[in-house]
Amino acid sequence: MTGPATERPARARPHGTPRPSRPAVLLFAVLLALLILPTSVTGSGVALAHIGRDTGAPPDALQWVLHGYNLAFASLLLACGSLADRFGRRRVFAAGGMLFAAASLVSALADGIVLLDVARGAAGAGAAALLTGGSSLLAAAFDGAVRTRVFAAVGIVTGGGLALGAMAAGALADALGWRSFFGLHAALMLLVLCAVPALPESRGEAAARVDRAGTALFVGSLFLLMLGTVEGPQWGWGSAGVLGLLAGAVLLMGVFVLVERRVRHPMLDLGLLRNQAFMALCLIPVVVSFSFVVLLPLLPEYLVVAHGSSSRAAGATMLLMTLPILVTPLLAGRLIRWGTSPRAVLVLSLVCLTAGVAWLAAILAPDAGPAELAGPLLVLGAGLGLNFGLVDGAVLTVVAPEATGTAAGFLNTLRLGSEAVVIAAAGAALAGMTRDRLSGAPGRFPAYGGTAGDLAGSVTSGDLAGPLSALPAGARREFAGVVAHGLTGAWQTVLWGSAAVCAVLSVVIAAMLPGRSVRPGAADSDVRTS
């Protein structure tokens with residue numbers, strides 16, 4: 001989750017929707033919820049090594065702590081938006097909060113990886129309901145300049161969650177254990193739930209039916225795609241199981257497209273695909289996924305293994321990438337007020353994201369400390385900050401007013417879906433390439449006793465302590481060095497590949513973006529986030 005996401009925005013407060021009698025309580029509840037959600041993405045990656053050592057889970061099962069949350073979050077977003085419009089935004093927000101709190105509590109108490117994975121998926125479903133219900137409550141309760149300021153606060157809070165998640169998870173995991181991270185989520189969500197009785201209720205004026213068939217097909221396709229991607233290194237990319245999963249994902253997505261063309265209230269309006277400006281804006285979050293988001297859960301694991309950092313130190317290093325998000329959106333706003341076109345700001349953002357990931361690939365090394373990493377990480381954070389919220393506002397100006405809700409839903413589904421798939425694909429690629437680069441390590445260090453695949457699975461999940469414990473003290477330093485160089489080589493390959501994808505997409509987006517017709521918002525009555 002890397003940007004403000006407003007489901008089904010209204011151009012003005014719907015007729016009959018009362019102003020909130022206690023707006024401060026509404027803001028507190030929604031902003032606290034939206035602060036928690038991104039920390040669950042950035043913090044889970046930091047906690048994986050601790051979870052793996054405690055549960056003894058295999059690497060593929062361990063990765064579903066992260067993937068289960070992302071998958072449920074991404075695939076249920078639009079369905080939750082429809083439910084919120086039909087049954088009430090406060091009701092869906094409250095249901096999401098209760099599910100998220102219960103799932104987080106179960107995660108904190110789970111005694112095995114299967115229960116933890118299931119609980120994390122449930123937390124992702126709760127997150128989808130919280131995001132759609134909360135954003136819709138704000139859009140319905142405020143209008144004009146006040147709404148603009150409210151959604152600016154949403155952007156700042158979301159950036160704060162991204163910035164603090166990894167550091168908070170690292171500090172808690174090192175000091176109190178990984179369970180405390182999920183326990184804190186449950187406790188904070190209880191505060192949100194305490195405010196629910198004071199929140200106003202609202203519904204969509206023309207609430208659509210939930211597209212059950214489309215939702216089921218979309219969730220199934222994403223699940224098969226992610227499962228095939230995660231299991232590829234373990235089962236073999238050419239195995240019948242992986243090829244069957246990937247083929248099933250393509251088949252279900254094809255059926256999904258056919259269904260969406262025929263249902264009266266589709267989950268996604270495929271007609272939006274013909275709008276060139278809209279599609280260009282929707283591709284920007286895909287570049288963000290390949291450059292910025294992929295690093296949030298995975299880079300801390302590299303820092304723990306290759307640099308010997310503690311989880312707390314790895315989380316602190318990630319602040320270099322996330323803190324710029326708190327200030328660069330203000331710079332983007334100033335540039336636009338000074339006469340710079342939004343298109344130029346978006347292109348600058350793409351340049352920063354592409355250059356940042358390429359710079360990181362060029363300088364990444366086992367002995368590269370925070371000072372060396374600061375440059376590319378800061379550039380990446382600035383790149384995201386420059387388009388943070390600007391994309392959401394611009395989307396609402398390049399589609400017809402009656403299509404803004406569907407457009408926001410499409411954008412957010414593509415945003416979160418690409419994040420989930422890219423993280424899964426990058427994790428699988430790292431595991432496979434690290435295994436190949438460390439293929440000689442078990443023979444060179446027979447005391448280790450495991451295979452290259454076992455070793456790759458451990459270290460790509462951030463756990464070097466486990467493999468080191470099997471070796472005599474005199475061999476550990478050399479073994480750690482071999483692992484660090486092999487893991488770094490795999491990371492450099494993945495980063496260069498990401499940079500190439502970002503470069504190609506950036507050129508395509510720049511060619512498709514219109515000029516000054518792209519604006520951060522059409523009027524004060526629009527839902528804007530910057």
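From a predicted model like this one, the values you see are computed outputs, not experimental measurements. These numbers come from the heavy atoms of this one structure, side chains and all, not from hydrogens, waters or symmetry mates.
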Just by distance, do the side chain of Y448 and the backbone of L455 share a donor-acceptor pair under 3.5 Å?
-> yes
Hey, could you give me the CE/CG distance between M318 and L164, rounded to the nearest 0.5 Å?
-> 13.0 Å
Step by step, work out the side-chain contact (heavy atoms from CB on, under 4.5 Å) result for L380 and L320.
-> CA-CA 9 Å; L380 283 165; L320 293 170; over 6 Å; no
Minimum heavy-atom distance between N70 and A420, given as atom pair plus value = CB-CB, 3.8 Å
Smallest heavy-atom separation, A119 atom then A103 atom, equals O-CB, 3.3 Å
Cut-off 3.5 Å, side chains only: do E301 and S461 have a donor facing an acceptor?
-> no
Of L222, L225, L416, the residue whose pairing with L71 passes side chain to side chain contact (heavy atoms under 4.5 Å, CB included) = L222
Test item: N387 and L353 side chains (from C-beta on) under 4.5 Å apart, heavy atoms = yes
Closest approach of A74 to G417 (non-hydrogen atoms, all atoms of both residues) | CB-N, 3.6 Å
Hey, are the side chains of I51 and V65 touching, using non-hydrogen atoms and a 4.5 Å cut-off?
-> yes
Okay, side chain of T340, backbone of L335: is any donor-acceptor separation there less than 3.5 Å?
-> yes
May I ask you to decide whether R179 forms a salt bridge with D54, counting only side-chain N to carboxylate O separations under 4.0 Å?
-> yes
Any chance you could measure T55, atom OG1, to L62, atom CG, to the nearest 0.5 Å?
-> 6.0 Å
Min side-chain heavy-atom separation M189-V192 under 4.5 Å | yes
For the residue pair F223 and W64, categorise the inter-ring angle as parallel (less than 30°), tilted (30 to 60°) or perpendicular (more than 60°).
-> tilted
N/O donor-acceptor pair under 3.5 Å between R415 side chain and V286 backbone | no
Backbone N or O of D454 within a donor-acceptor pair of the T451 side chain at under 3.5 Å?
-> yes
With no hydrogens and no angle check, do the side chains of R120 and S44 hold a donor and an acceptor under 3.5 Å apart?
-> yes
Quick one: ring pair (Phe, Tyr, Trp, His ring centres under 6.0 Å) pairs with a partner in residues 29-63, sequence neighbours left out?
-> none
Find out whether T229 and V421 are in side-chain contact, i.e. whether some heavy atom of one side chain is under 4.5 Å from a heavy atom of the other.
-> no
Distance-only donor-acceptor check, side chains S439 and D436, under 3.5 Å | no
Can you label the angle between the H185 ring and the F181 ring as parallel, tilted or perpendicular, going by 30° and 60°?
-> tilted
Under a 4.5 Å cut-off applied to non-hydrogen side-chain atoms, are T322 and L296 in contact?
-> yes
Does the S349 side chain pair with the main chain of G383, one donor and one acceptor, at a distance under 3.5 Å?
-> yes
Going from CG on L281 to CG on L411, what distance comes out if it is rounded to the nearest 0.5 angstrom?
-> 8.0 Å
Taking the side chain from R343 and the backbone from A510, do they hold a donor-acceptor pair closer than 3.5 Å?
-> yes
Quickly, which of C502, C352, S506, S498 forms a side chain to side chain contact (heavy atoms under 4.5 Å, CB included) with S291? Name it, please.
-> C502
Can you check whether G369's main-chain N or O pairs, donor with acceptor, with E372's side chain at less than 3.5 Å?
-> yes
Indicate yes or no for a side-chain donor-acceptor contact from T434 to the backbone of A431 under 3.5 Å, with no hydrogens or angles considered.
-> no
Taking atom CD of Q63 and atom CE of M226, what is their separation to the nearest 0.5 Å?
-> 10.0 Å
Please test V154 against V157 for side-chain contact (heavy atoms from CB on, under 4.5 Å), starting from the C-alpha separation and ending with a verdict.
-> CA-CA 5 Å; V154 169; V157 166; 5.9 Å; no
Hey, what do you get for CE (M433) to OG1 (T493), rounding to the nearest 0.5 Å?
-> 5.0 Å
How many angstroms lie between atom CG of L505 and atom OG1 of T354, to the nearest 0.5 angstrom?
-> 8.5 Å
Residues in salt bridge (charged side-chain N to carboxylate O under 4.0 Å, His left out) with R312, at least two apart?
-> none
So ring pair (Phe, Tyr, Trp, His ring centres under 6.0 Å) across residues 296-316, not counting sequence neighbours, yields Y302-H307, Y302-W491
With side chains defined as the heavy atoms from C-beta onward, is the minimum distance between D117 and V114 less than 4.5 Å?
-> no
Set of side-chain contact (heavy atoms from CB on, under 4.5 Å) partners for V422, sequence neighbours left out | S289, F290, V294
Step by step, work out the side-chain contact (heavy atoms from CB on, under 4.5 Å) result for V41 and Y69.
-> CA-CA 8 Å; V41 177; Y69 180 86; 3.6 Å; yes
Student check: side-chain heavy atoms of V304 and S310 closer than 4.5 Å = no
Counting N and O atoms only, with roles assigned by atom type, does the side chain of S309 sit under 3.5 Å from a partner on the main chain of V305, one being a donor and the other an acceptor?
-> no
With sequence neighbours excluded, residues passing side-chain contact (heavy atoms from CB on, under 4.5 Å) with P446 | none
Might you point out which heavy atoms bring G427 and L298 nearest each other, and give the distance in Å?
-> N-CD1, 4.0 Å
Sorted by chain and residue number, the ring-ring contact (aromatic ring centres under 6.0 Å, His included) partners of F445 (sequence neighbours excluded) come out as F479
Heavy atoms, side chains only, cut-off 4.5 Å: are I36 and F100 in contact?
-> yes
Is there a donor-acceptor contact under 3.5 Å from the side chain of Q492 to the main chain of L364?
-> yes
For residues A72 and G121, report the shortest heavy-atom separation together with the two atoms involved.
-> CB-O, 3.2 Å
In short, A49 meets G462 closest at the heavy-atom pair CB-O, 3.1 Å
Would L299 and L377 count as a side-chain contact (heavy atoms from CB on, under 4.5 Å) if you check the C-alpha gap in whole Å, the side-chain angles of each, and the deciding distance to 0.1 Å?
-> CA-CA 11 Å; L299 187 59; L377 295 183; 4.0 Å; yes
